[in-house]
Amino acid sequence: MTDHPSSIVVPGQMPDVSERKQARRENWRLIRRRPAFLIGMAILLVWVVCALFPLTIAPHHPLDFRTGLNQSPSWDHPFGTDQTGRDVFSRVIAGARDILRIAPAAAVLGVLFGVILGMLMGYIRGWFDIIASRIVESFLALPVVLVGLLAVTTMGNSAWVVIGVVAALFTPIVARTVRAAVLAERELDYVTSAKLRGESTMFIMFREILPNVMGPIVVELTVRLGYAVFTVATLSFLGAGPPPPSPDWGSQVSDNYSSIVSGFWWRTFFPAGAIASLVISVNMIADSVQSVMEAS
Amino acid sequence: MTIVDMGHGGARSATAGAPALEVDDLNVVYTVRGIDREVLRGVSFTVAPGEAFGLVGESGCGKSTTAYAALRYLPRNGKIVSGSVRVGGRDVTAMSDAALQEFRAREASMVYQDPAQAMNPTLRVGKQVVEAFTVLGHSAPDAAKLALEALRKVRIADPERVMDRYPFQLSGGMQQRVVIAMALACHPKLLVLDEPTTGLDATVEAEVLDLVRVLRQETDAAVLMIAHNLGIIRSLCDRVGVMYAGKIVEQGPSAEVFDSPQHPYTVGLLRSLPRHGVRKTERSLATIPGILPLIGAHLPTCVFVDRCPLADDKCRTEVPPVVALEGDPNRFSRCHHVDRIADIPEPEPGVPITVLSPSADQPGVLELSHISKTFRQRNHAVPALVDVELELGEGETLGIVGESGSGKSTLARAMLGIDAADAGGVLALNGTQVPPSTTERSADDKRALQMVFQNPDSALNRSWSVRRILARSVTKLTGVKGAAANKRVEALAAHLRLTPRHLDLKPRQLSGGLKQRVAIARAFAGDPRIVVCDEPTSALDVSVQAAILNLLADLQSAERTSYVFITHDMGVVRYLADRIAVLYLGRIQEIGPTNEVFNGPNHPYTEALLSAIPSVDGEEKTRIRLEGEIPSPANPPSGCVFHPRCPRAMPGVCDTTEPQLVEVAAGHSMRCHIPFDELGRLQGVPLPTPNDD
Amino acid sequence: MLVTLWLLATIVFLLVSVLPGNVGRKVLGPFAPEAEVQRYNQAIGTDRPLLQQYFTSIRRAFTLDFGKSYGTREDVRDMVLDALGRSGKLALLAFVLTIPISIVAGIIAARRQDKITDRVIVNAGLASSSIPEFVTASVLLSIFAVQLGWGKAFANPPDNAGPIEQLQYLVLPATAMAIAYFGYIARMTRAGVITALHADYTRTATMKGLSKRQVMVRHVLRNALAPTITVISVQIGYLFGGIIGVEKVFNYAGLGSLMLGAVGAHDVPVLQGAVMLVGMIYMVSTLLADLLIAYLNPRIRLGATK
Amino acid sequence: MSEVNFEGAGRPLGKLEQELISSYMAKGVSRRSFLVRGSYLGLSAAFLGSIVAACGDDEEGGGDSGGAGEVKEGGTLRVASQRPGSPLDPVGMDNLGTYTVVSTCLEYLCGPGEGAALAPMLAEEWSPNDDGSVWTFKIRKGVKWHDGGELTAADVVATLDRLSVGNLAAYIVEGAATAVDDSTVQVTLNAPDGQFPYQLSVYNPQSLITPADFATGTVLNDRKTGTGPFKLESYDSAIKAVFVRNDEYWGGKPKLEKVEFIFSDDIDTQINGVIAGEADAIVLFAVVGGDALLNNGDVTVESVKGASHRQLWMNTREGNFTDVRVRQAVALGIDRQQLLDVVLQGRGVIGNDHPIAPTYEYFDASQAQRTRDIEKAKSLLAEAGKEGLAVTMFVPDLVEIPQLAELMQSQLKEIGMDVTLNVISTDTFYDSWCKVYDSTNEPAGCDGGEEFGIVDYGNRGTPDVYLVKAYSTGEWNSAHYVSEEFRAAVAAYQAALTVEERKAPIAEIQRIANEDVPYVIPYFYDSLFAYKKNVAGIRATGLGHFYLNSAGFTS
């Protein structure tokens with residue numbers, strides 16, 4: 001034979017070191033080049049830091065009453081104070097904790113269950129898929145926020161209930177995406193090849209197929225995270241958030257939204273802005289991840 | 001032999017009069033991630049009115065870019081950096097948007113690779129064809145009339161009905177005819193054909209090419225044809241340019257270039273094709289070492305130097321000149337060593353392979369009897385395989401050919417148990433019956449039967465490293481684990497000429513050829529007795545295909561493995577297979593030793609398949625053409641399933657009675673009502689003498 | 001369709017009947033005597049075995065007879081249908097506002113892909129779909145209804161209001177919804193148009209010598225709008241029942257408010273009726289979208305009947 | 001002091017009335033207390049006024065907004081109100097939103113007076129017999145039903161019969177009410193009750209008088225009737241109720257032409273509506289979430305004083321609070337004025353750890369107010385061996401209570417207590433705050449429930465509910481408080497037929513509750529209502545009633 005099978009095709013240059021991680025690195029590099037991603041990450045990072053060290057950053061204790069009521073923004077209270085004299089800036093900072101604990105947990109759980117369900121639906125097909133698809137379809141017809149509200153009012157407004165219900169409502173949506181990806185994937189010949197060497201169904205699903213549908217799953221996770229923030233904020237706006245002493249953003253907006261009209265705009269504006277900035281940042285990240293994943 | 005300057009205005013057409021297409025020192029870049037990557041590096045050629053010029057080369061050489069640049073239709077990230085494209089004397093690169101629109105409407109047309117995608121799926125065919133006329137200024141009723149006429153001209157028998165259909169309701173061949181009709185609407189000065197038959201079945205391809213050939217005579221359009229199939233170029237084009245890495249490395253009249261190539265690349269390309277009926281045991285195929293440079297790669301002085309058997313220091317330091325051959329500036333080669341072309345070594349001799357043919361006392365490694373496969377579609381039984389009987393000897397290669405939809409892949413999947421065959425058939429390995437489904441088969445049975453798939457991108461798990469892919473197969477098929485398995489993987493890799501470095505890469509970091517090599521290594525991980533190869537080289541360039549075919553032959557020689565080789569490429573099957581089975585609508589129409597099948601007499605279907613192949617050797621063949629498309633297996637025709645398309649069908653017989661598969665000569669069976677000798681007479685093939693039995 | 005409806009009814013039943021525990025206790029409050037609670041449960045049938053309640057609930061779902069509200073004792077069908085009418089009016093106006101603008105914006109963005117116009121539209125869309133609608137609604141309300149006196153803080157138009165007057169009442173909440181959906185629709189349109197612009201048939205059309213406009217109108221849009229239609233159809237269901245925040249802020253008596261009130265009051269029949277109705281609207285709108293897509297794309301239409 | 005014309009009462013005065021008038025004239029009761037008590041005894045405002053005038057006592061008073069004199073005729077008043085949560089069925093209704101609508105048409109025998117007092121409404125006067133077991137109501141004459149006919153004693157009797165199987169079952173049996181004549185109704189009680197008229201007043205919202213043929217379960221939107229100043233014109237529970245003026249109203253033709261109650265589930269939208277000028281008044285709101293109105297120059301906010309309060313309960317029988325010193329320490333540890341000022345912007349009066357609000361005429365004002373004393377609190381804790389006590393406070397997510405809890409938490413930190421808040425939705429709060437009373441265990445109190453927490457008590461015309469249910473029988477006795485002494489005082493209070501007789505046991509009740517501190521009662525809070533500056537004459541009760549008969553626009 002006269003072939004020299006020694007040449008390697010590597011995207012880009014530098015064929016030498018650590019070629020193994022090249023693909024992932026390449027995606028990462030592409031994502032990092034997107035300004036939307038960087039801005040989104042920066043905003044998210046700020047909120048994460050706020051959530052981790054609220055008391056260090058906040059100039060006042062978020063529950064501290066002993067300052068003047070309804071003061072407009074000033075050096076001492078950059079976001080003003082609320083109707084009981086609490087520092088809105090400190091409350092907004094401290095409020096990051098609840099949402100950044102609940103929303104990611106809900107998104108992760110929802111994606112986890114969605115992935116499992118979607119994998120089973122897409123791979124096993126047959127009756128299981130038909131039945132599950134119908135259930136998923138029916139779930140999609142449910143208004144998410146309303147069901148969340150219902151669950152919270154009946155089961156209590158603990159963080160776990162919110163996480164559970166949001167995750168449960170996301171599961172079918174994620175499952176549908178994963179199912180579609182798995183349907184495409186299961187037709188590929190490496191799956192046939194795995195069957196030919198006698199791999200178990202579980203092995204094929206979770207060891208062979210799963211890594212290859214991680215792209216859409218990662219995209220789905222970031223997108224779901226955005227929706228989770230959105231949903232959790234909306235739920236707490238509608239009165240199904242964490243109970244009041246917690247400086248939760250949605251409840252702050254809800255408690256105060258009539259204050260805009262009375263001139264105490266800062267009480268609503270800053271927590272509302274915090275929600276918007278967090279959702280936008282997550283969506284910017286999601287958008288960037290999606291663009292890069294879909295391009296590759 | 002003269003060296004001519006190939007600067008501006010270099011290769012002027014020798015043909016009298018202004019050229020229809022004049023490409024001059026065209027440089028095109030694609031901007032990828034902010035970096036300009038060169039795709040075309042000074043391409044120049046001319047095409048005279050009425051002349052057909054072909055561009056050939058492997059994927060990524062820039063031939064399609066050239067075609068699109070000629071009509072100034074580049075992707076968003078592509079741009080012409082220098083050079084000019086003149087059509088009828090006007091510079092296309094300098095046109096305003098309006099002028100360009102007018103130019104595309106009236107002067108240039110294109111026929112595309114994938115006709116199904118080239119038409120708007122949401123509009124009726126008629127509307128789309130009519131549009132090609134209204135854009136020229138015809139009124140709607142006129143355009144409708146002209147459209148009908150245009151469809152008739154491309155030999156669409158029932159144009160009214162076709163006009164009323166949606167593109168996806170037409171067969172691939174019909175779709176391409178419609179696209180051609182649209183392209184010819186404006187009587188273009190320039191007609192660009194971009195791989196117009198790739199993806200079509202050989203019989204349909206032949207039809208489309210016939211049509212193009214006929215239409216060429218009716219128009220004086222200059223034709224620029226892009227194809228990777230050398231045979232098509234040879235049969236259709238007056239002249240040809242061989243492209244490599246964005247440059248035309250050799251150019252000249254088709255017959256001359258193909259019969260007497262004067263550039264090492266052209267030589268390599270031609271020798272890597274299985275030609276002239278050569279078989280694997282006689283000679284291995286030539287391969288071109290290395291791989292095509294990526295687009296935008298920094299290239300050495302001679303673009304081919306890294307892969308050239310003649311390369312020397314001069315090649316590495318000096319840009320090779322354009323060497324006009326025989327004083328003709330249109331017959332040239334871009335090589336320092338045109339005079340040493342003859343020194344390029346011939347391919348190595350073939351490998352010896354012992355075939356143990358099955359006999360009464362020696363059962364074949366694989367035996368299939370009464371194998372059928374019926375799919376269910378909305379409560380309809382769709383018989384995809386009907387009563388297939390096969391035997392495979394040790395070390396034997398059985399080629400399976402047929403159009404798409406003939407049941408080739410179904411047969412492979414039934415053998416492997418991926419889609420279990422219907423109950424009632426018998427599938428035996430080494431004389432022992434095995435269950436129809438792979439999940440019920442024993443580990444040993446699984447190990448004995450493995451598969452190499454058509455598309456290595458699909459066949460290899462892209463998130464696994466090569467090592468993991470191979471190790472898993474080794475462990476799963478042989479039970480060897482841990483360090484021992486790893487050792488085996490390394491041995492296997494070495495056997496398949498994969499370096500240890502490849503083992504730690506992911507499939508996407510490998511070239512197509514290497515990927516297929518990994519896939520083959522995986523199939524061989526458990527020392528299989530039979531490997532089913534489903535079009536393993538159809539996605540590969542010819543030079544890479546050659547290497548894979550050589551490898552398969554080597555492995556067979558060493559391991560005495562049997563192959564079931566599914567392909568649509570008659571050249572490949574002739575090179576590799578010991579016997580050939582021809583499938584049509586899930587039924588074996590003909591099965592016999594390779595030489596007998598190729599030499600005939602044949603079943604009329606085989607005859608049609610064989611005559612559809614455009615030969616790079618320029619052989620003239622009796623052509624028989626098939627009408628229409630392969631019918632749906634859900635409603636097979638009565639009688640002989642082939643009779644509606646059979647040019648030799650005998651009414652009253654073929655449409656009523658299904659012929660049996662009858663042995664017409666030793667090991668050669670056929671399913672046809674026409675007697676064997678009659679077929680021989682019809683096909684002008686002398687019958688084998690009786691004492692050959 | 002019927003199967004999905006049945007499943008939906010089942011899910012809603014599980015949500016509203018199994019989770020809340022003692023309905024009578026919830027409705028009558030913590031201080032009501034136990035005997036009264038039991039009497040109440042008996043009256044509304046929540047003391048019956050779950051299976052029996054389930055069959056009742058399914059029958060009701062299919063006959064659209066959801067019984068009487070636990071609170072106002074009014075007929076739930078009338079309540080939800082009235083609310084549906086109002087939500088529908090608002091949703092319609094929101095769509096009239098948002099669809100043309102967002103589709104045009106999406107097309108422009110696709111045409112100017114990666115240019116500054118595109119960036120602006122994409123990011124505006126991202127922001128608009130990121131800002132929770134109750135925030136948008138509150139801001140619109142305080143700026144326009146309160147400060148400037150344009151539009152109304154209470155969005156329910158008077159009974160005898162003419163179309164123009166109704167518009168005055170509805171325009172602010174409709175705008176809040178329109179802003180929320182601008183992003184989704186514009187981005188989806190953009191994606192669809194970009195895909196279609198890169199399609200081979202678009203190349204064919206261009207090569208035929210059609211103008212950019214002709215290519216866009218005749219070839220690109222027809223193919224590009226399918227995903228947009230899907231998005232719109234999905235959003236219709238949410239618009240009817242999902243924009244609770246907007247209805248709450250503007251005190252609009254639509255389905256969202258009705259459901260929100262019913263959740264607070266544990267008014268199970270109203271919840272059941274409203275959620276079922278929203279679910280049905282969702283199903284009908286996705287069905288209509290499928291039909292529309294099939295109409296636009298003959299491959300789906302004809303493929304299905306083959 | 002001039003002669004008092006006792007004839008002004010229009011009827012012979014009973015023992016209770018005579019006693020009251022004598023003690024007022026002897027300055028034994030304040031003017032305010034006199035008016036309150038006189039009114040619930042059924043003495044007419046005019047008569048009481050004449051006595052006050054005769055005594056030369058003319059301090060300013062009145063719980064209504066502005067003088068009716070400036071109000072001009074006409075106009076539509078748009079009122080933002082809570083959405084009715086039940087049908088407009090006067091007997092079956094159960095929420096404030098419904099009360100507002102229904103009580104605009106239908107009226108009580110006894111209307112709201114000053115403080116916790118009653119005033120004549122459909123009954124012109126009422127009087128008990130000597131032991132308070134039979135009450136006689138004089139029905140106003142010439143009162144017309146909206147749908148025709150005149151109010152008679154028969155209507156009242158029929159209404160009381162309907163109520164006798166409803167929420168008055170504990171007081172009367174069917175047939176207990178009889179028509180003495182067309183305008184006199186006599187009610188024989190199951191047991192003597194010196195404060196029975198409260199059961200036929202705004203404090204028992206379902207006791208609205210309906211026509212004799214108004215069958216139980218009839219809803220007002222089906223039968224548009226009533227005696228009130230406005231007639232129901234249209235009603236849509238989702239949107240609004242519209243009323244038109246009742247020109248024949250017995251109290252005089254109302255000024256307003258029309259009244260609209262615009263419904264909303266959400267206080268913020270109601271407030272937005274008022275501020276945006278789309279509503280002229282708001283029926284009821286709280287300081288929390290209502291400060292947009294409190295700080296708005298275009299809006300007048302009025303307080304209605306009452307007995308509504310919050311109780312911070314401490315389990316007296318087991319756990320951390322069994323030692324009275326611990327409970328006293330908690331009571332001493334909080335700063336009531338700060339709580340009131342921060343949480344309610346001062347809208348209320350501070351409490352003294354007993355449920356007797358200053359609005360009750362027998363309120364003992366002489367009791368010393370408990371004030372914050374950190375040192376004493378700390379030493380009490382130390383004595384009880386509970387320094388650094390760590391407890392969880394069980395808090396419903398209701399109006400200002402979470403903020404109250406937060407502030408208490410930070411105040412109690414200063415006496416070394418470490419309080420963790422467990423704020424939960426009201427949907428689940430009441431399931432567990434206090435386990436349902438098991439009467440067989442009496443007087444064991446309620447069984448289980450949370451140790452430490454805050455619960456809400458609404459406004460009552462008499463403190464009986466607080467005294468019995470929270471402090472005695474155990475139904476809501478979340479403190480598990482058992483005190484025979486206290487119960488004896490309550491029994492004495494309930495047995496008393498006159499205010500004077502009640503004073504001693506009430507003082508005892510105040511003392512014991514204050515000393516034993518089963519509940520810390522930080523404040524009695526005001527109900528708030530608001531209206532635009534160009535509106536006057538509205539009278540609200542804080543119980544959902546919104547009386548607009550003399551309301552109107554001023555400019």
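Residue numbers begin at 1 in each chain, while the letters A, B, ... track the order of the sequences.
- In this structure the side chain of B/Thr439 never reaches within 4.5 angstrom of the side chain of A/Lys195, judged on heavy atoms.
- For the atom pair CG (A/Leu196) and CD (B/Gln450), the distance works out to 5.5 Å, reported to the nearest 0.5 Å.
- Looking at A/Glu199, the atoms closer than 4.5 Å to chain B (heavy atoms on both sides) sit in the backbone and in the side chain alike.
- Contact annotation: the side chain of B/Lys476 never approaches that of A/Phe203 to less than 4.5 Å [non-hydrogen atoms, C-beta and beyond].
- Nearest heavy atom pair, residue B/Ser458 against residue A/Asp189, reads OG-N, 2.7 Å.
- Other residues, nucleotides and ligands place no more than 12 heavy atoms under 6.0 Å from the CZ atom of A/Arg176.
- In this structure, chain A has heavy atoms under 4.5 Å from both the backbone and the side chain of B/Ser473.
- The part of B/Arg522 that comes within reach of chain A is its side chain, from C-beta onward, which places non-hydrogen atoms under 4.5 angstrom from that chain.
- Taking A/Leu188, A/Val191, A/Ile209 one by one and counting their heavy-atom pairs under 4.5 Å with chain B, the maximum is reached by A/Leu188.
- Between chain B and the options A/Glu185, A/Glu208, A/Glu187, the largest number of non-hydrogen pairs under 4.5 Å is found for A/Glu208.
- Both the backbone and the side chain of B/Leu416 have a heavy atom closer than 4.5 Å to some heavy atom of chain A.
- The number of heavy atoms from other shown groups lying within 6.0 Å of CZ (A/Arg207) does not exceed 12.
- Here the side chain of B/Asn461 pairs no donor or acceptor atom with the backbone of A/Tyr190 at under 3.5 angstrom.
- Heavy-atom proximity under 4.5 angstrom to chain B picks out nothing from residues 113-130 of chain A.
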